[in-house]
Amino acid sequence: MPATVSDASVSSDPARDLRAKLADRLRLDTVKTPEVEAAIRDVPRHLFLPGVPLEQAYADDPVYTKHDGGVSISAASQPRIVAMMLEQLHLESGHRVLEVGAGTGYNAALMGAIVGDSGHITAVDIDEDLVEGARTHLAAAGVANVDVVLGDGAFGHPGGAPYDRVIATVGAVETPTAWLDQLAPAGRLVVPLRLAGAASRSIIFERGQDGWISRGSEMCTFMPLRGFGDDARGTVDLTGTGTGTGEVTLQTHRDNSHATNQDTLTGVLDTPRYEAWTGVVFGPGESFEWLYLWLACGLANPLMRMNVDTAAKKRGLVSPMFSTVAMSTSAADGSLAYLTLRPAPPAADGSRQYEVGVLGHGPTGQQLATDVGQQITLWDQGFRHRDVTFALPDTPPTANTDGGRFVLHRPHRPITVTWE
């Protein structure tokens with residue numbers, strides 16, 4: 001009888017199988033091109049996360065890899081976000097790429113797989129231990145077309161310029177001039193820009209006649225750039241002692257600091273609640289991202305992220321739109337308003353709808369809730385169905401908020417956000 005191999009005797013590679021399942025999931029709604037799919041199927045993510053269980057290494061979740069004083073400062077990003085940004089980057093064989101934020105080296109390995117032996121990736125990171133770790137991981141994975149260099153990513157890496165693509169895998173509040181200068185004339189930049197408050201988007205920029213013009217964007221948030229382009233975050237504890245560990249906290253940024261005060265905001269949720277309902281409705285699964293962006297740009301104090309412990313919601317201290325995160329805005333007098341939802345009459349086809357409302361607390365909470373509600377109504381009536389574009393113009397135009405054009409001031413290159 002000829003020799004046969006039974007199914008049971010065929011060896012299985014658990015990492016390969018998990019990698020295939022991850023790629024299958026991402027292909028459903030994120031991965032669009034065969035090059036990105038092949039890279040995700042081929043590059044062994046677990047080799048970039050030594051000591052992490054295989055199931056965790058191939059889950060569609062971020063893995064935090066470095067902390068400073070209890071604050072996460074580096075991570076292997078969620079695979080879905082990695083894939084999304086690779087699709088935005090539109091890499092081709094032979095491309096030369098600058099990556100700002102080497103992290104574990106995994107993203108550089110994916111890009112290296114796409115650009116091939118004729119291409120090259122230069123990844124820059126500010127921490128020596130991360131640089132050494134990324135080099136070790138890349139070597140273990142057999143990646144030979146990636147260099148990881150130590151440096152402040154805000155300055156890029158002029159020694160390897162010009163680059164066909166520049167990608168930042170850290171959040172930036174302004175696009176450093178070096179990144180633009182080091183791009184080839186027909187190059188593309190993909191950068192997660194924090195636009196205002198907590199509003200952040202990964203934006204594709206290409207050079208236009210009068211500046212850098214967006215070619216698409218997706219909502220996402222990254223850990224901020226450290227070094228010259230530092231965009232440090234803060235925390236206001238609304239229910240505790242100011243340690244940032246209370247049941248409800250606000251994550252603040254520099255453009256919130258003028259209007260947030262720990263002393264006046266502690267306990268604000270214990271004050272009377274004011275309601276302002278807008279009549280603006282959303283269907284199930286409909287994204288709030290463009291409403292958030294409008295409020296972030298249009299309010300004097302941009303939206304912040306409100307982190308809510310489950311216990312605080314259960315006992316009715318807060319009633320945010322979602323179970324763990326809502327968007328909020330506060331004023332220096334110790335007032336605060338945040339968004340909420342309630343059921344609305346069903347749509348014509350019988351599907352569920354929800355009305356957006358605003359809940360206010362504090363001395364001017366009622367007026368603040370009313371003002372935020374009016375902004376929501378303005379967006380719904382005049383701008384909800386318009387496209388939004390971003391630009392880094394050579395000469396910034398005058399803002400026209402009534403017409404849907406906002407100019408976000410930056411020291412070197414302002415950002416325009418336009419509802420067209």
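Values below: every heavy atom of this structure, side chains too, minus hydrogens, waters and symmetry copies. Counting from 1, the numbers follow the sequence of the chain as shown. Quick caveat: nothing in here was measured; it's all calculated off a predicted structure.
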Looking at Glu206 and Arg215, does any basic side-chain N land under 4.0 Å from a carboxylate oxygen?
-> yes

Rounded to the nearest 0.5 Å, how far apart are CZ of Arg80 and CG of Leu28?
-> 8.0 Å

Polar contact flag, side-chain donor to acceptor under 3.5 angstrom, Gln375-Asp371 | no

Would the number of heavy atoms belonging to other residues, nucleotides or ligands and lying under 6.0 Å from NZ of Lys21 be above 12?
-> no

Taking every non-hydrogen atom, the tightest pair across Ala134 and Ala102 = CB-CB, 4.5 Å

Given side chains that start at C-beta, do those of Asp380 and Val356 come closer than 4.5 Å, heavy atoms only?
-> no

Take the angle between the ring planes of Trp379 and Phe282 and call it parallel below 30°, perpendicular above 60°, tilted in between.
-> parallel

Shortest non-hydrogen contact from Leu47 toward Ala140 | CD1-O, 3.8 Å

Look at Lys314 together with Asp309 and state whether they make a salt bridge at an N to O cut-off of under 4.0 Å.
-> no

Would you say Thr169 and Ser77 make side-chain contact, with heavy atoms under 4.5 Å?
-> no

Nearest heavy-atom pair of Val248 and Asp237: which atoms, and what distance?
-> O-OD1, 3.8 Å

Is there a donor-acceptor contact under 3.5 Å from the side chain of Asp125 to the main chain of Gly103?
-> yes

To the nearest 0.5 Å, tell me how far Tyr292 OH sits from Leu295 CG.
-> 9.5 Å

Tightest non-hydrogen contact, residues Pro44 and Arg19, listed as CA-NH1, 3.6 Å

In plain terms, say whether Arg386 and Glu420 are close enough for a salt bridge, that is, a side-chain N and a carboxylate O under 4.0 Å apart.
-> no

What do the steps show when you test Val372 against Leu339 for side chain to side chain contact (heavy atoms under 4.5 Å, CB included), and what is the final call?
-> CA-CA 9 Å; Val372 175; Leu339 307 188; 4.1 Å; yes

Identify all side-chain donor-acceptor contacts of residues 195-202 below 3.5 Å with residues at least two apart in sequence or on another chain.
unit_1 : atom_1 : unit_2 : atom_2 : d
Ser200 : OG     : Leu193 : O      : 3.2
Ser200 : OG     : Cys220 : O      : 3.0
Arg201 : NE     : Ser217 : OG     : 2.9
Arg201 : NH1    : Glu289 : OE1    : 2.7
Arg201 : NH2    : Ser217 : O      : 3.4
Arg201 : NH2    : Ser217 : OG     : 3.4
Arg201 : NH2    : Glu289 : OE1    : 2.9
Ser202 : OG     : Gln88  : OE1    : 2.6

Whether Glu87 side chain and Val31 backbone form a donor-acceptor pair below 3.5 Å | no

Run the numbers on Phe406 and Trp294 for ring-ring contact (aromatic ring centres under 6.0 Å, His included), then give the verdict.
-> CA-CA 9 Å; Phe406 298 86; Trp294 177 271; 5.2 Å; yes

Under a 4.5 Å cut-off applied to non-hydrogen side-chain atoms, are Leu341 and Phe288 in contact?
-> yes

Any side-chain heavy-atom pair of Val100 and Val124 under 4.5 Å | no

For Ala168 and Pro192 the tightest heavy-atom approach is O-CD, 3.1 Å

Give a yes or no answer on whether the side chain of Glu174 reaches the backbone of Arg413 with a donor-acceptor pair at less than 3.5 Å.
-> yes

Walk me through it: do Leu336 and Leu238 pass the test side chain to side chain contact (heavy atoms under 4.5 Å, CB included)?
-> CA-CA 10 Å; Leu336 174 145; Leu238 300 181; 3.7 Å; yes

Flag side-chain contact, heavy atom, 4.5 Å: Met111 against Leu91 = yes

Ring pair (Phe, Tyr, Trp, His ring centres under 6.0 Å) with Tyr106: which residues, sequence neighbours excluded?
-> Phe48

For Arg165 and His90, indicate whether the former's side chain and the latter's backbone hold a donor-acceptor pair under 3.5 Å.
-> yes

Heavy atoms, side chains only, cut-off 4.5 Å: are Asp24 and Arg41 in contact?
-> yes

Do the side chain of Arg27 and the main chain of Glu37 share a donor and acceptor less than 3.5 angstrom apart?
-> no

Mark yes when over 12 heavy atoms from residues, nucleotides or ligands other than Asp29 sit less than 6.0 Å from its CG; otherwise mark no.
-> yes

Does Asp127 reach the main-chain N or O of Leu130 with its side chain, forming a donor-acceptor pair under 3.5 Å?
-> no

Would you give the length of the straight line joining atom CG of Leu378 to atom CD of Gln374, rounded to the nearest 0.5 angstrom?
-> 9.5 Å

Answer yes or no: is there an ion pair linking Asp394 with Arg207, defined by an N-O contact shorter than 4.0 Å?
-> yes

Polar side-chain atom of Glu218 near backbone of Met84 as donor-acceptor pair, under 3.5 Å | no

In this structure, CG of Asp60 is separated from CZ of Arg25 (nearest 0.5 Å) by 6.0 Å

Test ring pair (Phe, Tyr, Trp, His ring centres under 6.0 Å) applied to His95 - qualifying residues, sequence neighbours left out = none

Just one of Leu98, Val97, Asp147, Val146 clears the side chain to side chain contact (heavy atoms under 4.5 Å, CB included) bar with His120, so which one?
-> Asp147

Give, for atom CG of Leu317 and atom CG of Leu269, the distance between the pair rounded to the nearest 0.5 Å.
-> 5.0 Å

Show your working on side chain to side chain contact (heavy atoms under 4.5 Å, CB included) between Asp164 and Glu92 and close with a plain yes or no.
-> CA-CA 9 Å; Asp164 300 291; Glu92 297 178 6; over 6 Å; no

Should Ile213 and Thr389 be marked as a side chain to side chain contact (heavy atoms under 4.5 Å, CB included) after you check the CA-CA gap, both sets of side-chain angles, and the distance that decides it?
-> CA-CA 8 Å; Ile213 310 300; Thr389 60; 5.9 Å; no

Considering all heavy atoms of both residues, which atom of Thr252 and which atom of Thr235 are nearest to each other, and what is their separation?
-> OG1-N, 4.0 Å

Measure the spacing between CG of Leu86 and CG of Leu26 and express it to the nearest 0.5 Å.
-> 10.5 Å

Mark yes or no for whether Tyr58, through its side chain, and His46, through its backbone, hold a donor-acceptor pair below 3.5 Å.
-> yes

Is a side-chain donor or acceptor of Thr278 paired with a backbone partner of Thr377 at a separation under 3.5 angstrom?
-> no

Side-chain heavy atoms of Trp179 within contact of Tyr163, under 4.5 Å | no

Quick one: are Trp212 and Leu183 in side-chain contact, heavy atoms under 4.5 Å?
-> yes

Do side-chain atoms of Arg188 reach the backbone of Ile204 as a donor and acceptor pair under 3.5 angstrom?
-> no

